[in-house]
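Values below: every heavy atom of this structure, side chains too, minus hydrogens, waters and symmetry copies. Keep in mind it's a predicted model, so treat the numbers as computed, not measured. Chain letters run A, B, ... following the sequence lines, proteins first and then strands; every chain starts at 1.
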Amino acid sequence: MRWVVHADEDGGGRLALLAEPSAGGAAPVEVRRVTDLAAAVRELEAAHRPRWVWTDSARLYPDLLRAGVRVARCHDTVLVDEILAARDGKFGAPRTLGAAYARLHDLPIPDVGRMTAATEAVGGGGPMQGSLFEPDDSGLPPELDQLDTLIEVYHAQASQLDAAGPELRLLAAAESAGGLAAAEMTHAGLPLDPELHSAHLVEALGPMPAFGGPGARPAKLQQLADGVAEAFHNPALNPDSPTQVLKALSASGLPANTTRAWELRELDHPGVPLLLEYKELARLYTANGWTWLRAWVRDGRFRPEYVVGGVVTGRWASRGGGALQLPAIVRRAVVADEGWTFVVADAGQLEPRVLAAISADRGLAEAAQAEDLYTELGDVFGGDRAKAKLGLLGAMYGQTSGEVGPLLATLRRRFPRAIGFVDDAAKAGIEGRVVHTRLGRACPPPSARWRRLVGGAEGEARADQVRHDRGRFTRNFVVQGSAAEWALALIATLRQRLGGTSAELVFYLHDEVVLHCEVADAERVSAVVAESALEAARLVFGQTPVRFPLHLATVKCYADAK
DNA sequence: GAGGGAGGCGCG
DNA sequence: AAAGCGCGCCTCCCTC
């Protein structure tokens, strides 16, 4: 059963019941106008668990969640449109029904983007609007009925997915499930104790400065800054300024091309350790200090916004709060509620295992049956695990220099299909072709700038450079993107199977999920996660001997999971 | 004074 | 301009 949803601005909306595919016909069987959309969705969900067809979970679902309504399945039209558009070589359109409609009819893409929280906060909306909220930001021509148009676009997408085959249908369903999971995660929030984080900050930085603003530094940070200035005999030296630091280093006779930590560590000077410590703490202060805490943590929950498919490879991105870069020290303040615990699951060595699966390399697949793939691979390099890891990562990232070259030659000999697979992807990229993930997500075609540079107008070396840059990108795309599909399938399966437990998905980071559940449920939840991981592998890779072992931990504090 | 590129670093 | 992919977000610093 499929219900199409169009929401009004006032909590009501229209619902259209689609005919079963076997019955044929594109016209809805029934259309209802409701004044309380959340209540209507709740009722139909309880009675039928339909597949909901709507424009955009990111816009609609948070309101439903706030009203206490959850749904099992949906078709997210803008997410699916983005996948389909990518396969036509089109990227960067706004996530609106108008863009999907325009693409369907070969019209210019309307330039109506979603208003972000930030633009709303500063009173965006323009001088012509009577309210802060855009009444219609669909980007559709006003004469079109939005529900009818949504139905039309949905049918077109469904037939494109059917024509493309089961892999892409699976990707569309998983991406849509991801859209639901993302909204649910933001709704739930990651439990984070602000007092505890603040205490960690005081421990590292000293007390919070009484007055904010530029130049205000916590005590320990200021001491370090003073120490650096003194060591380089320059009282005015601002350690935040790479330009000034580089000058100071040079004045002290130290050879450095950049002020990056790895390069500074090579230098022998009393100011350098102070500078390194300063940089580390300054990073903490600016990225995850008290300002961050106040902006992003409310009522003991960190609530970032997730952008499903926000990375070209299909990985998620995030907006605000730096959710996908939470440093270890912040994780120390991520503590489960009283009587609750975290179940943290991360996939070990996901990308090389994915490579083994998508390339169907028997040798690598065999190694990928082991708990530690790199140790297993070490035999190839005389038992040297580090070499195995370096070589394989080099193969997936396109590294050729340094000691990786000879390792790669060995790997190529031993695992010809696996290395051949990424080599082929690199070759496609270099030649300006596109590559696809396991389930059919397409990488962007070369840009006009790329074609111009490859044309050679600016010199052979430059042309070579950009061609090989793209080769490394496509080489990695097939692996990273297929790994993202496994993770997406895990999320989709998990949220279906966690019903009946207290568990909620509260964080997701590329190859790692964090669930928050009652202590008594932890064992059962762990089992569900393990089963879901198996199911994800089956869904995405079919029959494969490759194992995707999970590292499972039940912990009170996120930082203890590692 | 807004905007954006560069440098830098956190995460996978 | 760190060998080697993908991001977000901070400050600095230059341009308009």
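Scanning atom types as modelled, one donor and one acceptor separated by under 3.5 angstrom connect the side chain of A:Arg315 and the base of B:dG12. In terms of polar N and O atoms assigned as donor or acceptor, the side chain of A:Arg472 never comes within less than 3.5 Å of the base of C:dC5 in a complementary pairing.
When all heavy atoms of A:Gly321 and A:Phe302 are compared, the closest pair comes out as O-CZ, 3.7 Å. For A:Ala231 against A:His269, the heavy-atom pair with the smallest separation is O-CE1, 3.5 Å. Across A:Gly310 and A:Arg95, no two heavy atoms sit closer than the pair N-NH2, 4.1 Å.
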Distances for protein N/O vs nucleotides 4-6 of chain B N/O pairs under 3.5 angstrom?
none

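Backbone-only engagement by A:Ala328 is indicated by non-hydrogen atom pairs under 4.0 Å involving sugar-phosphate atoms exclusively. Nucleic acid contact class of A:Gly394 (heavy atoms, under 4.0 Å, all strands): none. No contact: A:Val479 has no heavy atom under 4.0 Å from any strand. Residue A:Gly310 is out of contact with every strand shown, counting any heavy-atom pair closer than 4.0 Å. Contact annotation for A:Ala282: no contact, since no heavy-atom pair falls under 4.0 Å across all strands. As judged by a 4.0 angstrom heavy-atom cut-off over every strand, A:Gly402 is placed among residues making no nucleic acid contact. Heavy atoms of A:Arg331 sit under 4.0 angstrom from primed sugar atoms or phosphate atoms, though from no base atom. As judged by a 4.0 angstrom heavy-atom cut-off over every strand, A:Asp511 is placed among residues touching the sugar-phosphate backbone only.
OP1 or OP2 of C:dC12 sits under 4.0 Å from a side-chain N or O of A:Asn238. Contact annotation: A:Lys279 side-chain N/O to B:dG8 OP1/OP2 distance is not under 4.0 Å. Between A:Thr243 and the phosphate of C:dC13, there is a side-chain N or O to OP1/OP2 separation shorter than 4.0 Å. A close approach under 4.0 Å does occur between a side-chain nitrogen or oxygen of A:Thr259 and OP1 or OP2 of B:dG8. Put simply, A:Ser241 has a side-chain N or O that comes within less than 4.0 Å of OP1 or OP2 on C:dC13. In this model, the phosphate group of C:dA2 is approached by a side-chain N or O of A:Arg260 to a distance below 4.0 Å at OP1 or OP2.
Between C:dA3 and B:dG5, the two C1' atoms lie 24 Å apart (nearest whole Å). For the C1' atom pair drawn from C:dA1 and B:dG7, the interatomic distance equals 12 Å after rounding to whole Å.
In this structure, the CH2 atom of A:Trp296 is 11 Å from the C1' atom of C:dC9, given to the nearest Å. With rounding to whole Å, A:Arg217 atom CZ is found 17 Å from C:dC10 atom P. Computed from coordinates, the A:Asp240 CG to B:dC9 C1' distance equals 13 Å when rounded to whole Å. One can place NZ of A:Lys389 at 19 Å from P of C:dA3, the figure rounded to the nearest angstrom. Atom C1' of nucleotide B:dC11 and atom NZ of A:Lys562 are separated by 10 Å, given to the nearest angstrom. Between the CD atom of A:Gln244 and the P atom of B:dG7 there is a distance of 16 Å, given to the nearest Å. Rounded to whole Å, the distance from CZ on A:Arg462 to C1' on C:dA1 is 13 Å. Here C:dC10 presents its C1' atom at 17 Å from CH2 of A:Trp290, a figure rounded to the nearest Å.
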List the steps and the verdict of salt bridge (Lys or Arg N to Asp or Glu O under 4.0 Å) for A:Glu277 and A:Lys220. CA-CA 10 Å; A:Glu277 197 182 347; A:Lys220 287 198 189 177; over 6 Å; no
Pair A:Val540, A:Val354 - check side chain to side chain contact (heavy atoms under 4.5 Å, CB included), show working. CA-CA 10 Å; A:Val540 176; A:Val354 164; over 6 Å; no
Trace of the side chain to side chain contact (heavy atoms under 4.5 Å, CB included) decision for A:Phe421 with A:Asp361: CA-CA 9 Å; A:Phe421 191 90; A:Asp361 185 294; over 6 Å; no
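Side-chain atoms of A:Trp450 come within 3.5 Å of backbone N or O of A:Val466 as a donor-acceptor pair. No donor-acceptor distance shorter than 3.5 angstrom exists from the side chain of A:Arg467 to the backbone of A:Glu431, with no hydrogens or angles considered. The backbone N or O of A:Phe541 sits less than 3.5 Å from a side-chain atom of A:Arg438, completing a donor-acceptor pair.
Checked against C:dG8, B:dG8, B:dC11, the side chain of A:Ala317 finds its nearest nucleotide in C:dG8. The side chain of A:Trp262 has C:dA2 as its nearest neighbour among B:dC9, B:dC11, C:dA2. Side-chain proximity of A:Thr286 to the nucleotides B:dG10, C:dG8, C:dC10 is greatest for C:dC10.
Counting non-hydrogen atoms of other residues, nucleotides and ligands closer than 6.0 Å to CD of A:Glu280 gives a total of 12 or fewer.
With ring centers used as reference points, A:Phe507 lies 6.0 Å or more from A:Phe342.
A:Thr437 and A:Glu485 form a side-chain donor-acceptor contact under 3.5 Å, judged by distance and modelled atom types alone. For the residue pair A:Thr375 and A:Asp372, a side-chain donor N or O sits within less than 3.5 Å of a side-chain acceptor on the partner.
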Counting Watson-Crick and G-U wobble pairs with both distances under 3.5 Å, what is the dot-bracket string for DNA chain C, 5' to 3', using [ ] for crossing pairs and | for pairs to another strand? ....||||||||||||
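Near-neighbour residues of DNA chain B inside residues 481-494 of chain A, defined by a heavy atom below 4.0 Å, are absent.
The aromatic rings of A:His197 and A:Trp292 lie perpendicular to each other, with more than 60° between the two planes, well past the 30° mark.
Each of A:Tyr397 and A:Val311 lies near DNA chain C, and the nucleotide nearest A:Tyr397 is the one positioned closer to the 5' end. Across the interface with DNA chain C, nearest-nucleotide mapping of A:Ala287 and A:Thr258 shows A:Thr258 to be the residue nearer the 5′ end.
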